[in-house]
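Below, chains carry the letters A, B, ... as their sequence lines are ordered, and counting in each starts from 1.
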Amino acid sequence: MSDWLFKSEPETFGLDDLAARPGQTEPWDGVRNYQARNLLRDQMRIGDRILFYHSNCELPGIVGIAEVASAPRPDPTAFDPEARYFDPKSDPDQPRWYLVDVRYTRHLKRTIPLAELKAFAQGALDGMPLVRKGNRLSIMPVSPEQWEFILGLE
DNA sequence: GCCAACGTTGGC
DNA sequence: GCCAACGTTGGC
C-alpha cells in the first residue's frame, strides 16, 4: 500500500468537482508524462491514499484527500482523436498511457499552502519533488512519514 | 502576464 | 547520440 500526491488545476478539475461526481469518483485521464505514467501503471493499487493538490491557482497547496479506486488501466482518451490528450502514437494493442479512478475522501480543514510546505524542504519533506524548484511532476509518491507530517499541519 | 525549469522532438 | 528549439508547467 502506497501514498501519493496528485496535482490538479482547480479551474479545470478541482477537489470540489471530484466531490460532485457520481460516486465521487473520476477517471484520472490525461497523464502524459512517463515518470508519472510509470508510477501510475506499475505501483498504484486500489485503496492507496492520495493527497489532492491544487496547482496554478491563487493559493497552490494541498486541499484534501482522495483514494485510488480502480486498478490501472489504459487511458481511453489517448485513442480518441477528439480528445484533448489524444496521442496518435498510443496503440490500443500496446497502450502508452494509463489511468486509475480517483475517489473523493474529504477536504482538509484548511489548505496547506505550498509556501508553508517549502519551509520543510530541508527537513521533514527533504527530497519530496513538490517542494523542489521547477518541479513539474504531476503524480509523486509520498512516504508514510511525509504523509503523517503533512496531515499534522492540517 | 512573466518567465524559469523542464520534457520532448527532430535535425544532423 | 547530441543538443538546440520548442511547448508546457506552474509559481509568483
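For A/W97 and B/dG7, the CH2 to P distance is 13 Å, given to the nearest whole Å. Distance A/Y34 OH to B/dT9 C1': 11 Å, rounded to the nearest Å. Taking atom CG of A/L5 as the reference point, atom P of C/dT9 lies 17 Å away to the nearest angstrom.
In summary, A/R37 and A/D42 do not engage in a salt bridge, as defined by a charged side-chain N under 4.0 Å from a carboxylate O.
Using the six-membered ring where Trp is involved, A/Y34 and A/W97 have ring planes that are tilted, between 30° and 60° apart.
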May I have the list of side-chain donor-acceptor pairs in residues 144-154 of chain A shorter than 3.5 Å, sequence neighbours left out?
from, atom 1, to, atom 2, distance (Å)
A/E145, OE1, A/S143, OG, 3.4
A/Q146, OE1, A/S143, N, 3.0
A/E154, OE1, A/R106, NH2, 3.0
A/E154, OE2, A/R106, NH1, 2.9
A/E154, OE2, A/K109, N, 2.8

Taking it one step at a time, do A/D87 and A/R96 satisfy salt bridge (charged side-chain N to carboxylate O under 4.0 Å, His left out)? CA-CA 9 Å; A/D87 181 356; A/R96 176 178 300 200; 3.8 Å; yes

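Heavy atoms of other residues, nucleotides or ligands lying less than 6.0 angstrom from CD of A/Q35 number 12 at most.
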Could you go over nucleotides 10-12 of chain C and give all protein N or O partners under 3.5 Å, atom names and distances?
from, atom 1, to, atom 2, distance (Å)
C/dG10, OP1, A/K7, NZ, 3.0
C/dG10, OP1, A/R136, O, 3.0
C/dG11, OP1, A/Y53, OH, 2.5
C/dG11, OP2, A/N56, N, 2.8
C/dC12, OP1, A/K118, NZ, 3.0

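Closest-nucleotide positions on DNA chain B for A/R96 and A/K133 were compared, and the one nearer the 5' end corresponds to A/K133.
Ring pair A/F52/A/W28: centre-to-centre distance below 6.0 Å.
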